[in-house]
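These numbers come from a predicted model, not from an experiment. Computation of the quantities below employed the complete heavy-atom set of this structure, encompassing side-chain atoms and omitting hydrogens, waters and symmetry-equivalent molecules.
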Amino acid sequence: MMRNALLRSTATASAAVASSSARPAMRFASRPIIANAQSTIQRGQRRMYHEKVIDHYENPRNVGNLPKGDQDVGTGLVGAPACGDVMKLQIRVGEDGVISEVKFKTFGCGSAIASSSYMTERVKGMTLEQAGAVKNTEIAKELCLPPVKLHCSLLAEDAIKSAIKDYQTKRAKRVSSTSSPPPSLGSSPQVATA
């Protein structure tokens with residue numbers, strides 16, 4: 001209905017032009033207006049990533065896997081159901097309790113990948129206690145994440161805590177198995193007699 005009204009007004013304004021040519025003229029005249037409106041909307045809605053996020057996204061650090069079965073490796077696997085991001089972060093811990101190697105794999109947006117990459121750089125060389133103290137606000141501040149992307153930095157915090165917990169669980173099992181003597185097979189318990 002609006003289109004017909006516009007076509008009638010165009011045809012009336014250009015009485016010298018035949019009605020068959022008025023329609024294409026109107027169509028071509030309206031395109032730049034629509035295109036300008038769309039580009040204005042896109043510019044207004046476009047969210048630009050900070051250069052630090054882009055750097056970690058385009059050149060992620062420490063991508064890969066560590067052998068999950070190794071006793072000195074802790075694995076943290078976390079996800080955000082709201083956005084579908086999934087993050088796996090693995091740490092290798094030396095005998096001195098210092099993180100010697102960190103790897104990650106992330107399925108998610110640029111902010112999630114950047115948060116993972118930054119976290120691997122941040123915790124390498126730290127003790128488990130220091131790494132567990134890294135907060136998502138520190139990651140968000142370093143990467144200049146907008147409030148709508150804070151969940152990505154929270155995922156990285158959860159991933160390192162999960163990896164530390166996994167390592168500590170493995171270590172506790174290893175320590176308890178080596179400190180208790182193995183049960184003797186085929187012999188009955190000795191009873192002291194007086």
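Counting heavy atoms from C-beta on, the side chains of Ser153 and Thr137 never come closer than 4.5 Å. Counting heavy atoms from C-beta outward, Lys52 and Leu143 have side chains that approach closer than 4.5 Å. Counting heavy atoms from C-beta outward, Phe104 and Gln90 have side chains that stay 4.5 Å or more apart. With a 4.5 Å cut-off on side-chain heavy atoms, Thr106 and Val86 do not count as touching. Using a 4.5 Å heavy-atom cutoff, the side chains of Asp85 and Cys109 are in contact. At least one side-chain heavy atom of Met126 sits less than 4.5 Å from a side-chain heavy atom of Val134. In this structure, Arg61 and Asp55 have side chains that are in contact, with non-hydrogen atoms separated by less than 4.5 Å.
Rounding to the nearest 0.5 Å gives a distance of 9.0 Å between CD of Glu101 and CG of Asp72. Between the CG atom of Leu66 and the CZ atom of Arg92 there is a distance of 5.0 Å, given to the nearest 0.5 Å. Residue Lys135 holds its NZ atom at 16.0 Å from NZ of Lys141, rounded to the nearest 0.5 Å.
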Problem set entry | Trace of the salt bridge (Lys or Arg N to Asp or Glu O under 4.0 Å) decision for Glu138 with Arg122 | CA-CA 10 Å; Glu138 177 186 338; Arg122 181 75 179 96; 2.3 Å; yes
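Inspection of the Asn62 and Lys124 side chains reveals no N or O donor paired with an N or O acceptor under 3.5 Å.
The side-chain hydrogen bond (donor to acceptor under 3.5 Å, both in side chains) contacts involving residues 160-172 comprise Glu157-Lys161, where partners must be two or more places apart or lie in separate chains.
The hydrophobic clustering, which links ILVMFWY residues whose side-chain heavy atoms are closer than 4.5 Å, places Val73 and Ile164 apart. Follow the hydrophobic side-chain contacts under 4.5 Å out from Tyr49 and you reach Tyr118 in the same cluster. Note on Ile139 and Leu128: same hydrophobic cluster, where clusters join Ile, Leu, Val, Met, Phe, Trp and Tyr whose side-chain heavy atoms are under 4.5 Å apart, directly or indirectly. Residue Leu89 is not grouped with residue Phe107 when hydrophobic side chains (ILVMFWY) are merged at heavy-atom distances under 4.5 angstrom, including chains of intermediate members.
Contact between Ala156 and Met119 at its shortest, heavy atoms only, is O-CE, 3.5 Å. What you find for Lys103 and Gly64 is that their closest heavy atoms are CB-O, 3.4 Å. Taking all atoms of both residues into account, the shortest heavy-atom contact from Ile113 to Pro60 is CG2-CB, 4.5 Å. When all heavy atoms of His151 and Cys83 are compared, the closest pair comes out as NE2-SG, 3.3 Å. Taking both residues in full, the closest heavy atoms of Met87 and Ala159 are given as SD-CB, 4.0 Å, listed atom of the first, atom of the second, then distance.
Grouped with Leu154 in a hydrophobic cluster is no other residue, since no side-chain heavy-atom contact under 4.5 Å to another Ile, Leu, Val, Met, Phe, Trp or Tyr is found.
The side-chain contact (heavy atoms from CB on, under 4.5 Å) with Ser111 is formed by just one residue from the set Leu150, Leu145, Leu155; it is Leu145. Of the options Val63, Ile91, Val102, Ile99, a side-chain contact (heavy atoms from CB on, under 4.5 Å) to Thr120 is made by Val102 and by none of the others.
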